[in-house]
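Only a predicted model underlies this, so the values are computations on that prediction, with no experimental measurement involved. Just so it is clear, the values below take in all heavy atoms, side chains as well, and ignore hydrogens, waters and symmetry mates. Letters A, B, ... mirror the listed sequences (proteins, then strands); counts begin at 1.
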Protein chains: 2
Amino acid sequence: MQVAATAVGGGLPVPPMEFCQLKATETIRPADDPHTRNKRQQILEAAARQFSACGFHGANMRDVAAAAGVLAGSIYYHFESKDALFVAVHGAAIDMMTNAVRAAVAGIADPWDRLEEAAAAHCEALNGDSAFVGVIAPIFPVTIGALRSQLTAQRDAYESMFSDLIGKLELEADIDPKIFRLHVLTALNGTKFWYGPGGMAPSEIGRQLIRMLRRRATRDPGIV
Amino acid sequence: MQVAATAVGGGLPVPPMEFCQLKATETIRPADDPHTRNKRQQILEAAARQFSACGFHGANMRDVAAAAGVLAGSIYYHFESKDALFVAVHGAAIDMMTNAVRAAVAGIADPWDRLEEAAAAHCEALNGDSAFVGVIAPIFPVTIGALRSQLTAQRDAYESMFSDLIGKLELEADIDPKIFRLHVLTALNGTKFWYGPGGMAPSEIGRQLIRMLRRRATRDPGIV
DNA sequence: TACAACCTGACAAACGTTTGTTCAACACAT
DNA sequence: ATGTGTTGAACAAACGTTTGTCAGGTTGTA
């Protein structure tokens with residue numbers, strides 16, 4: 001299936017994107033690079049935008065196709081099904097976020113600092129300009145049923161990074177690391193639904209969350 | 001279309017997992033109170049279950065009807081449209097949660113205690129046995145577009161309760177109360193997606209979150 | 001060089017199903 | 001007999017998917 005972790009356009013231009021209906025209106029060639037670019041990649045990106053804005057059920061293949069400058073049927077040359085397309089987008093998003101977080105914590109020693117950077121990177125990627133990661137958060141609603149196992153498999157590796165990060169924290173005894181991780185991750189993902197440009201920067205929002213927890217949650221006797 | 005396990009390149013066979021499909025299988029009378037009870041109410045409850053499990057787009061009127069022991073057409077006697085049905089469910093859910101939270105904080109003086117109880121009540125209602133509140137969390141994905149303004153209007157009153165609660169906290173200067181509220185609320189709502197019976201009780205999960213934040217976030221000189 | 005065979009990516013139209021919704025007819029109280 | 005509630009069939013639109021086709025490029029062979 002080769003999810004194409006590959007470089008899935010980190011910084012490509014994201015269209016106006018207002019809510020759901022990015023309707024099929026215009027089939028304009030994305031002046032960007034007309035035909036040279038892999039059609040598969042364009043479909044993947046269009047699908048990311050559509051899924052991200054409308055959710056799985058809300059998005060439809062025709063709009064995805066139109067946004068990619070292709071007819072609906074053509075998608076099936078590259079992807080087996082709508083399900084498979086979604087899994088591919090989701091996988092690409094996870095890969096991007098994994099890389100972002102890994103890069104962010106590299107070279108940092110202090111466990112809390114590492115978590116803070118990870119949170120900042122997560123938040124920034126999630127609310128950044130790549131449509132891909134947009135599918136990460138809204139998936140929760142298990143609307144998808146049959147896909148669930150595949151998606152959780154993709155997520156597991158990512159979330160285990162946070163498990164490791166949190167495992168190094170030496171939390172106080174009354175704090176369950178698992179609950180801690182889940183609360184942090186869901187709060188971080190939740191930003192996708194309320195963050196808007198003009199306010200605090202995404203990375204700063206992520207940092208704030210960790211700072212809110214930092215002093216309280218540590219058992220460092222010098223601080224508490 | 002039969003999604004089935006159909007490969008999806010990933011290879012792994014997808015388990016039955018009938019998450020969404022609370023399919024129309026059984027039309028059993030909800031022994032509860034067969035026909036005395038308002039049919040409208042039964043439809044409302046069935047819709048809550050369906051929307052909660054499948055999301056807005058994922059749920060369909062026929063399954064809702066079957067779950068309510070009714071035919072699809074009958075719904076339209078009580079509700080104008082699928083949209084209206086959803087708004088009704090959402091409104092009922094907000095009402096229930098508002099009552100739960102209001103009752104939980106009644107008679108408690110300390111601001112942090114009040115917030116803790118509110119969080120516990122929110123979490124408990126959200127993961128409790130009433131299907132209604134299930135629609136609260138997954139709505140975030142703005143999948144719904146046109147309904148958005150109606151839903152946010154319903155939410156505003158509820159969220160302002162938390163604003164008030166948090167406004168009384170006297171947070172440290174470097175903590176933005178709005179960010180604080182949003183993080184708390186989204187983390188709380190997030191429990192809907194990972195909470196499972198057998199683990200920590202929902203109310204305790206909610207409490208834990210506030211306790212994680214409590215000491216750090218206060219400027220009480222006696223503690224920090 | 002020439003030509004046939006094949007592969008690739010995409011097209012356009014259609015298929016069968018599911019969806020939200022409507023509506024005339026019907027039941028059964030009052 | 002009137003009104004309230006329900007039915008069951010039907011509808012048009014939208015959906016995911018399948019199909020048959022095709023131009024253009026690449027490869028293999030003579």
Y195(A): ring pair (Phe, Tyr, Trp, His ring centres under 6.0 Å) partners, not counting sequence neighbours: none

Gap between atoms CG and C1', on N60(A) and dT17(D) respectively (whole Å): 13 Å

N or O in side chain of Y77(B) less than 4.0 angstrom from dT6(D) OP1/OP2: no

Whole-Å distance separating the NE2 atom of H57(B) from the C1' atom of dT18(C): 15 Å

For atom CD of Q42(A) and atom P of dG9(C), their distance in whole Å: 13 Å

Atom pair distance, as rounded to whole Å: CD1 in I75(B) and C1' in dT7(D): 13 Å

Any pair counted as salt bridge (charged side-chain N to carboxylate O under 4.0 Å, His left out), so long as it reaches residues 195-204 of chain A, sequence neighbours left out: E204(A)-R211(A)

Q154(B): partners by side-chain hydrogen bond (donor to acceptor under 3.5 Å, both in side chains), with sequence neighbours left out: H90(B)

Whole-Å gap separating P (dC15(D)) and CZ (F56(A)): 13 Å

Under 3.5 Å donor-acceptor, R207(A) side chain and E116(A) backbone: no

Nearest-angstrom distance from the residue atom CZ of F79(B) to P of dG5(D): 12 Å

List, one per line, each side-chain donor-acceptor pair under 3.5 Å for residues 92-99 of chain B, sequence neighbours excluded.
from	atom 1	to	atom 2	distance (Å)
T98(B)	OG1	I94(B)	O	2.7
N99(B)	ND2	D95(B)	O	3.4

Where protein sits on nucleotides 21-30 of chain C, one letter per nucleotide: B base, S sugar-phosphate only, - none, heavy atoms under 4.0 Å: BB--------

Residues that R181(A) engages under salt bridge (Lys or Arg N to Asp or Glu O under 4.0 Å), provided they are two or more places apart: E159(A)

Distance in angstrom units between L71(A) CG and dC15(C) P, rounded: 17 Å

Under 4.0 angstrom between H78(A) side-chain N/O and dA10(C) OP1 or OP2: yes

